[in-house]
Amino acid sequence: MNRNNPILKMIFYALACSPAILTGNSSNLPTPSTLNWLAYGDLRGYIEPCGCDPSTDLGGVVRLANFITEQKKIFPETLTFDLGNNIAKANKIKNKFINESLDSLKPDAALINEMELKEKTYMHSSRNFILSNANIHLKVTPFAVSNNAVIFGYLDKNIDKENLLGLDHKLIQRWKKILKKFPNKKRILLINASDKQILEIADQKMFDTIISSNANPLKALIGNEEISKPGLLLRIRSPQAIYQVPLGGQGVLLGGALRKGDTSLIDKVELEWKDDITKEKTRKKSSNIKEINQRWNNESIVQWLTGKYQVPGIASRLMKRYNLELKKEFERSSANRLATLKNSPFIGAQACKSCHLKEWNIWQKTQHAHSYKTLVTKNKEKDPECISCHVLAYNLDGGFVSKENSPNFASVQCENCHGPRKEHTQNPTAKIKTKQAAKEVCKNCHHKPHSTKFLFQSYWEK
């Protein structure tokens, strides 16, 4: 049987999700929760896919906005949760447009996460930011209330010991007191904490659903590990299934009826659940059936944000403004760097051709030789973040300034790897002073998410 057949997968999914099939008794397990929700976050400044690597062509604020808008039309009562950590460090232009895009989504609640707390961006946002363990002087909203849920937020005290309260008896009692005021609402917790703390909170059985921000360090590079192994998003299996949002905003977690929209986790997770419940049946007196019920109710899956959602919308109009801002920033930077060309230590690949014709001909057949053209075709030749990997020495004095002022420095060429060689062309017999480790030079650009399959040895042979 071809298990990748979409029709067969849907049939298998329907069977796998049936409590009667799983246990032999429909009374043992409740039906999945009718509380529909979407959770996203941890963009980490990843405003749009760079497009260099098809395996990481996921996410971006345009696709995120379009997917959420689409789902809200189908399920108007869907709750949306923003887990935070969305901005980039020290990038005002990018952060401005990330925040505008995410504000336009109007989530029911947004967690004040580590980046938002450090940069204080939550203070200038229209999102419903919450943090339930903040010191009083921080003056933030401790929780949010929607038509059918009350939502809390928790951030590990170790992130900011001055402004955050620890997980102790006093805090837990405060939460329980608030929750008593909303007996008929679903209880949701958005969290960034260690596994140990998450388990301590889960053991209190205060919350119906706990959703975690991504556990990868803030410096982690965005790759394709989670889409290739989506089970990685299941952060804690027992006693309560707790998921984390994908890294880089590459996908959206789904809860409730929305989970029927994607079967990508069937083989990775659903069969494991079936095995767990089958084992549970063999015990004459099960002490954990309630835990399994709770885990079933909180099961969620992920919708990956592929090019399918790259269509015009509110966020795409914001991105046009963003690209105009980038262009202006590039032109300002180029004007400031123009004077460095006068004493540039670089010469350009054309000057190497006369003595190194064989090597020059090999280079001409590589993608490096045409990397600037790649940016032009994507209208990204004036994006400071993209251009540094597509030209010669953009971040160094005397390197690429603009196509108009330094055309001989366009694309990746000899001196990207060998270092400045103007002096060498003037005196070829002189001993070369600068040497660079080839592998380290390659890794400056060939890293996630631009080049997830990069292996130095195999690439070097090419």
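Quick caveat, the model's predicted, so the values are computed rather than measured.
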Taking NZ, NE, NH1 and NH2 as the nitrogens, is one of them in [X] or [Y] under 4.0 Å from a carboxylate oxygen of the other?
{"X": "D397", "Y": "R337", "value": "no"}
{"X": "K373", "Y": "E381", "value": "no"}
{"X": "K89", "Y": "E119", "value": "no"}
{"X": "D103", "Y": "R127", "value": "yes"}
{"X": "R44", "Y": "D42", "value": "yes"}
{"X": "E70", "Y": "K73", "value": "no"}
{"X": "E114", "Y": "K118", "value": "yes"}
{"X": "E440", "Y": "K443", "value": "yes"}

Open item on the list: Please identify which of these residues, R63, K380, K94, K320, meets the salt bridge (charged side-chain N to carboxylate O under 4.0 Å, His left out) condition with E48.
Closed with: K380
TODO: Give the intermediate values and the outcome of side-chain contact (heavy atoms from CB on, under 4.5 Å) for residues L43 and I47.
DONE: CA-CA 7 Å; L43 270 66; I47 192 168; over 6 Å; no
Open item on the list: Assess the residue pair V412 and V391 against the criterion (side-chain contact (heavy atoms from CB on, under 4.5 Å)); give the C-alpha distance rounded to whole Å, side-chain angles, the decisive distance to 0.1 Å, and a yes or no.
Closed with: CA-CA 5 Å; V412 176; V391 296; over 6 Å; no
Side-chain H-bond candidate by donor/acceptor type, [X] with [Y], under 3.5 Å:
{"X": "N95", "Y": "N99", "result": "no"}
{"X": "D108", "Y": "S146", "result": "no"}
{"X": "T78", "Y": "N36", "result": "no"}
{"X": "N214", "Y": "E226", "result": "yes"}
{"X": "Q197", "Y": "D156", "result": "yes"}
{"X": "S402", "Y": "S334", "result": "no"}

- [ ] Drop me the distance from Q244's CD to I236's CD1, to the nearest 0.5 angstrom.
- [x] 9.5 Å
Task: Euclidean distance, I93 CD1 relative to N323 CG, rounded to 0.5 Å - done: 11.0 Å
Side chain [X], main chain [Y], donor-acceptor under 3.5 Å:
{"X": "D53", "Y": "T452", "value": "yes"}
{"X": "Q240", "Y": "K205", "value": "no"}
{"X": "S333", "Y": "E329", "value": "no"}
{"X": "K176", "Y": "M206", "value": "no"}
{"X": "S132", "Y": "P142", "value": "yes"}

Open item on the list: Under the side-chain contact (heavy atoms from CB on, under 4.5 Å) test against P246, which residue among L58, L233, L305 passes?
Closed with: L233
Open item on the list: Exactly one of I112, L131, N135 should register a side-chain contact (heavy atoms from CB on, under 4.5 Å) with L164. Which one does?
Closed with: L131
Can you confirm if the aromatic rings of [Y] and [X] lie within a centre distance of less than 6.0 Å?
{"X": "F207", "Y": "W175", "result": "yes"}
{"X": "Y40", "Y": "F81", "result": "no"}
{"X": "Y459", "Y": "H446", "result": "yes"}

Task: N113 and N192: CA distance, side-chain angles, deciding distance, side chain to side chain donor-acceptor pair (under 3.5 Å) verdict - done: CA-CA 7 Å; N113 214 320; N192 177 5; 2.6 Å; yes
TODO: Take L167 and K157 through the test side-chain contact (heavy atoms from CB on, under 4.5 Å) and record every step on the way to the result.
DONE: CA-CA 8 Å; L167 182 64; K157 182 182 178 180; over 6 Å; no
Task: Pair E100-R321, salt bridge (charged side-chain N to carboxylate O under 4.0 Å, His left out): steps then yes or no - done: CA-CA 11 Å; E100 279 193 46; R321 286 172 42 216; 3.2 Å; yes
Open item on the list: When you compare the side chain of L35 with that of N148, does any pair of heavy atoms fall below 4.5 Å?
Closed with: yes
Open item on the list: Counting C-beta onward and ignoring hydrogens, is there a side-chain heavy-atom pair between L102 and D82 closer than 4.5 Å?
Closed with: yes
Open item on the list: Evaluate I68 against L38 for side-chain contact (heavy atoms from CB on, under 4.5 Å), listing each step before the verdict.
Closed with: CA-CA 8 Å; I68 290 178; L38 305 171; 4.0 Å; yes
Open item on the list: Please check if the number of heavy atoms outside K327 that lie under 6.0 Å from its NZ is greater than 12.
Closed with: no
- [ ] Determine whether more than 12 heavy atoms belonging to other residues, nucleotides or ligands lie under 6.0 Å from atom CD of E200.
- [x] yes
Open item on the list: Would the pair C389 and C445 meet an SG-SG distance criterion of under 2.5 Å?
Closed with: yes
